[in-house]
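What follows is a single structure, written as structure tokens, with notes after it.
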Amino acid sequence: QVQLVESGGGLVQAGGSLRLSCAASGRTFIWFFMGWFRQAPGKEREFVATISWNPGETAYGDSVKDRFTISRDNAKNTVYLQMNNLKPEDTAVYYCAAGSGGKVSKSYDYWGQGTQVIVSA
């Protein structure tokens, strides 16, 4: 079993920064690709970023490239999403996921409950 718990969401002004954390259970954390997805009301779930067990292997969605950075600390079983230069269109519930990796949600088997990010204009 894998359990994921997101934290760090909140309200931030446009142009500000926020860091999300995702705590994963179990030592098998190292074997999973980790991902961040987001979903706003009335919109499809959107790929944000992914990282392999090798922290040097990352990929980002076009909408967040050069603004967001995904990282992981395997010793702490934690993945992070550093979000800089936030824009109102970044407002969404952000979900942490674990699985085989990639840019589509069906490639991930485990999901957290989500943490809400609101960016005010």
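Contact check for Glu6 versus Leu20: no side-chain heavy atoms found under the 4.5 Å cut-off. Using a 4.5 Å cut-off on side-chain heavy atoms (C-beta onward), Ser105 and Trp111 make contact. By the 4.5 Å heavy-atom criterion applied to side chains, Phe32 and Val2 are counted as neighbours. Annotation: side chain of Thr50 is in contact with side chain of Tyr108 (closest heavy-atom distance under 4.5 Å). Taking the side chain as every heavy atom from C-beta outward, Tyr80 and Arg19 approach each other to under 4.5 Å. Between Leu81 and Thr69 the shortest side-chain heavy-atom distance does not fall below 4.5 Å. Between Met34 and Cys96 there is a side-chain heavy-atom pair separated by less than 4.5 Å. For the pair Leu11 and Gln116, the minimum side-chain heavy-atom distance is 4.5 Å or more.
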message: For a side chain to side chain donor-acceptor pair (under 3.5 Å) check, start with the C-alpha distance between Arg38 and Ser63, then their side-chain angles and the critical distance, and finish with the verdict.
response: CA-CA 11 Å; Arg38 66 187 184 185; Ser63 62; 3.2 Å; yes

query: Could you go step by step and tell me if Val117 and Met83 meet the side chain to side chain contact (heavy atoms under 4.5 Å, CB included) rule?
result: CA-CA 10 Å; Val117 172; Met83 305 183 293; 3.9 Å; yes

message: I'd like to know whether Ser71 forms a side chain to side chain donor-acceptor pair (under 3.5 Å) with Gln82, so could you lay out the CA-CA distance, the side-chain angles of the two residues, the decisive distance to 0.1 Å, and finally the verdict.
response: CA-CA 8 Å; Ser71 62; Gln82 178 66 46; over 6 Å; no

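Summarising the geometry of Trp36 relative to Ile70, their closest heavy-atom pair is CD1-CD1, 3.6 Å, with the distance given to 0.1 Å. Summarising the geometry of Ser21 relative to Thr78, their closest heavy-atom pair is CB-CG2, 4.4 Å, with the distance given to 0.1 Å. The two atoms that bring Ala14 and Pro88 nearest to each other are CB-CD, 4.1 Å, heavy atoms only. Heavy-atom minimum distance, Gly114 versus Val93: CA-CG1, 3.9 Å. Listed here is the closest heavy atom pair of Val119 and Gln13: CG1-C, 4.0 Å. When every heavy atom of Cys22 is checked against every heavy atom of Leu4, the shortest pair comes out as SG-CB, 3.9 Å.
Aromatic ring centres of Phe37 and Tyr95: separated by at least 6.0 Å.
Annotation: the span from Gln39 atom CD to Glu44 atom CD amounts to 7.5 Å, rounded to 0.5 Å. With values rounded to the nearest 0.5 angstrom, Arg67 atom CZ is found 9.0 Å from Asn84 atom CG. Once rounded to the nearest 0.5 Å, the distance linking NZ of Lys106 with CZ of Arg45 reads 14.5 Å. Rounding to the nearest 0.5 angstrom, the gap separating the CD1 atom in Ile118 from the CG atom in Asp90 is 12.5 Å. Between the CD atom of Gln3 and the CG atom of Asn77 there is a distance of 12.5 Å, given to the nearest 0.5 Å. Atom CZ in Phe33 sits 13.0 Å away from atom CG in Asp109 (nearest 0.5 Å).
Leu18 is connected to Val64 through a chain of hydrophobic side-chain contacts under 4.5 Å among Ile, Leu, Val, Met, Phe, Trp and Tyr, so both are in one cluster.
Taking the six-membered ring where the residue is Trp, Tyr94 and Phe68 present tilted rings, their angle falling between 30° and 60°.
Checked by atom type and distance alone, the side chain of Thr91 never pairs as donor or acceptor with a backbone atom of Glu89 at under 3.5 Å.
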